[in-house]
Amino acid sequence: MTDPRRRVPRTDALLADPRLVDAQRTLGRELVKSVVAQAQARAREGVIQPEQVADDAVAALPASAASLRPVINATGVVVHTNLGRAPLSRAAVDAVVTASGATDVEFDLQTGRRARRGRGALEALARAVRTAGGVHVVNNNAAALLLTAMTLAPGKEIVVSRGELIEIGDGFRLPDLMQSAGARFREVGTTNRTHLRDYTDAIGPDTGFVLKVHPSNYHVSGFTSTVSVPELTDLGVPVVADIGSGLLTPHPLLPDEPDATTMLRDGADLVTASGDKLLGGPQAGLLFGRADLIERLRRHPAARALRVDKLTLAALEATLVGPPPPVAQALDADVADLRNRAQRIADRLPDAKAVDCVAAVGGGGAPGVELPSAAVSLPEACAAPLRTGTPAVVGRLENGRCLLDLRTVAAEDDDALVRAVQACMS
Ligand SMILES: *Cc1c(COP(=O)(O)O)cnc(C)c1O
């Protein structure tokens, strides 16, 4: 018998296969070579036959040259940090594609001169928050807070309630972040109660600003007391409000979630927020507020290190002016529609049933808010193959079942969801 290793096709012969020639054009030669090498290894190990190597390599080609894979978020967590927070709207994706080549991000095509960078996105932000005298965009909310601390409080104190010194995830804490800008923290009050006199006692010549943070990932209840923004506006120092979630105007389902428009009307001098939480846009840090303060932030030398790229500006503008993004659709979805979809999907699958469940807003804000929802309930054993399939589907485990919560799945993905489940059940 001939040694099967002798019959494994050579790399150059495989790379000449028309399908793999095509793949080299879209994925690059090195990536295709590594996929081919893995297929050859499988043939040497006897897992596949030598004449299957080309087909095996073609089947194993990734869809794109980046390793990030598309996921259907069936977790029921609307803003899922580990799944990249807000999915972009179709309009935002189209805008990103348009802007990905050479584009007039900083150029006026009428005059042929340099123009204000990202003016379209900035104008859309200003229109969305009418109470803002000025707006600015940076890399994320952490960058917005860093720039604020660097500009308004270098060598000075940031006065903040003890109950609002939050960790934003992955071990990052707001106080550490802002202290790295050379500011000191002056904590006032206690974990559960802070009064106006705690702030007035702490404010003096060393104060850079008062910081109000909306705790977006936890909720203090019981014997509590906090001081609201309107009460803090007469202290003679700027009031900066970190609202976190990025609601620009009030949302009826999220009455406890602060929004930028109201915060500014209430007297905040600056508001900071994330672009990829409840706003449903790209990762960005949004700054709204007094025109003179925004101008100082913009002119800070470090602002350049925190600026966003043209893709972010394109996605942000399209999110603001385009149709409601997936996050808004998920929040506003009607539970009767979700139940119908769950039933229709369950009817097409073995061992599946439609169930009622409860979805959550997630890392983006509104701790404790429960969103009534509907799911397709599957055997628990489906979870792992669904996660590793194409497209990957991430559900959640509950009472020994794998639930696919439809509040976070776009209706147009229902067919893909059915096919993914069928593939892992066969
Ligand atoms: C999420 C959050 C942050 C961090 O925002 P990033 O955009 O992730 O940098 C800061 N503050 C609050 C209150 C938040 O909710």
Side-chain angles (χ1 to χ4, degrees), residues 59 62-64 68-94 251 253-254 276-278 280 322-364 366 369-426:
S64 82
L68 291 175
R69 300 181 50 206
V71 173
I72 295 181
N73 172 11
T75 61
V77 177
V78 176
V79 179
H80 199 299
T81 302
N82 299 150
L83 297 180
R85 290 196 182 157
L88 292 182
S89 65
R90 190 70 244 163
V93 172
D94 290 346
H251 192 290
L253 280 181
L254 308 171
D276 55 353
K277 292 179 176 175
L278 293 178
V327 165
Q329 290 184 25
L331 284 178
D332 296 338
D334 178 28
V335 71
D337 287 342
L338 299 176
R339 285 193 185 115
N340 282 336
R341 285 171 56 200
Q343 193 58 58
R344 262 179 281 139
I345 292 173
D347 288 346
R348 294 167 65 186
L349 297 168
D351 227 345
K353 57 179 193 272
V355 296
D356 281 354
C357 65
V358 178
V361 175
V369 169
E370 300 192 333
L371 304 166
S373 190
V376 179
S377 166
L378 300 170
E380 191 172 356
C382 290
L386 278 172
R387 271 201 321 274
T388 51
T390 305
V393 177
V394 182
R396 71 170 183 271
L397 297 179
E398 212 169 274
N399 302 323
R401 299 284 290 178
C402 172
L403 297 193
L404 304 182
D405 190 322
L406 295 184
R407 189 173 278 277
T408 51
V409 178
E412 57 264 30
D413 284 342
D414 283 359
D415 285 336
L417 194 68
V418 168
R419 283 196 299 273
V421 177
Q422 283 166 340
C424 84
M425 280 181 156
S426 65

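For R69, the side-chain contact (heavy atoms from CB on, under 4.5 Å) test picks out T390, with sequence neighbours left out. Scored by the side-chain contact (heavy atoms from CB on, under 4.5 Å) test, E380 finds L397 as partners (sequence neighbours excluded). Qualifying salt bridge (Lys or Arg N to Asp or Glu O under 4.0 Å) partners for D337, counting only residues two or more places apart in sequence or in other chains: none.
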Exercise. Between I345 and L406, does a side-chain contact (heavy atoms from CB on, under 4.5 Å) hold up when you go through it step by step?
Worked result: CA-CA 10 Å; I345 292 173; L406 295 184; 3.9 Å; yes

For this session: Applying side-chain contact (heavy atoms from CB on, under 4.5 Å), run through L371 and V78 and close with a yes or a no.
Result: CA-CA 10 Å; L371 304 166; V78 176; 4.0 Å; yes

For this session: Kindly indicate, with the supporting measurements, whether the criterion side-chain contact (heavy atoms from CB on, under 4.5 Å) is fulfilled by L331 and H251.
Result: CA-CA 10 Å; L331 284 178; H251 192 290; 4.1 Å; yes

For this session: Check the pair V393, V421 against side-chain contact (heavy atoms from CB on, under 4.5 Å), reporting the backbone distance first and the verdict last.
Result: CA-CA 9 Å; V393 177; V421 177; over 6 Å; no

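Nearest heavy atoms, L386 versus C402: CD1-SG, 4.4 Å. Of all heavy-atom pairs spanning C382 and P385, the tightest one is O-CD, 3.3 Å. Across all non-hydrogen atoms, the minimal contact from A342 to A375 is CB-O, 3.7 Å. Of all heavy-atom pairs between P325 and G280, the closest is CB-O, 3.6 Å. Nearest heavy atom pair, residue A346 against residue A354, reads CB-N, 3.8 Å. The minimum heavy-atom distance between D405 and S373, with the atom names listed, is OD1-OG, 2.5 Å.
Note: R348 CZ to L417 CG = 9.5 Å, rounded to the nearest 0.5 Å. Interatomic distance, OG1 of T75 versus NE2 of H80, reported as 4.5 Å (0.5 Å rounding). Between the CG atom in L378 and the SG atom in C424 there is a gap of 7.5 Å [rounded to 0.5 Å]. Here the CG-CD1 distance, from D413 to I72, works out to 4.5 Å after rounding to the nearest 0.5 Å. Rounded to the nearest 0.5 angstrom, L404 CG and C357 SG are separated by 10.0 Å. With rounding to the nearest 0.5 angstrom, the CG atom of D356 is 11.0 Å from the CG atom of L403.
Residues S89 and Q329 have side chains not in contact (no heavy-atom distance under 4.5 Å, counting atoms from C-beta outward). Using a 4.5 Å cut-off on side-chain heavy atoms (C-beta onward), L349 and V418 make contact.
Of the charged side-chain nitrogens involved, none lies within less than 4.0 Å of a carboxylate oxygen, so that D415 and R419 do not count as a salt-bridged pair.
Distance alone, capped at 3.5 Å, is enough to place a donor-acceptor pair between the R407 side chain and the A333 backbone. In this structure, the side chain of R85 does not engage the main chain of V79 through any donor-acceptor pair within 3.5 Å. For R341 (side chain) and V409 (main-chain N/O), a donor-acceptor pair under 3.5 Å exists by modelled atom type. Between the R401 side chain and the S377 main chain, a donor and an acceptor come within less than 3.5 Å of each other.
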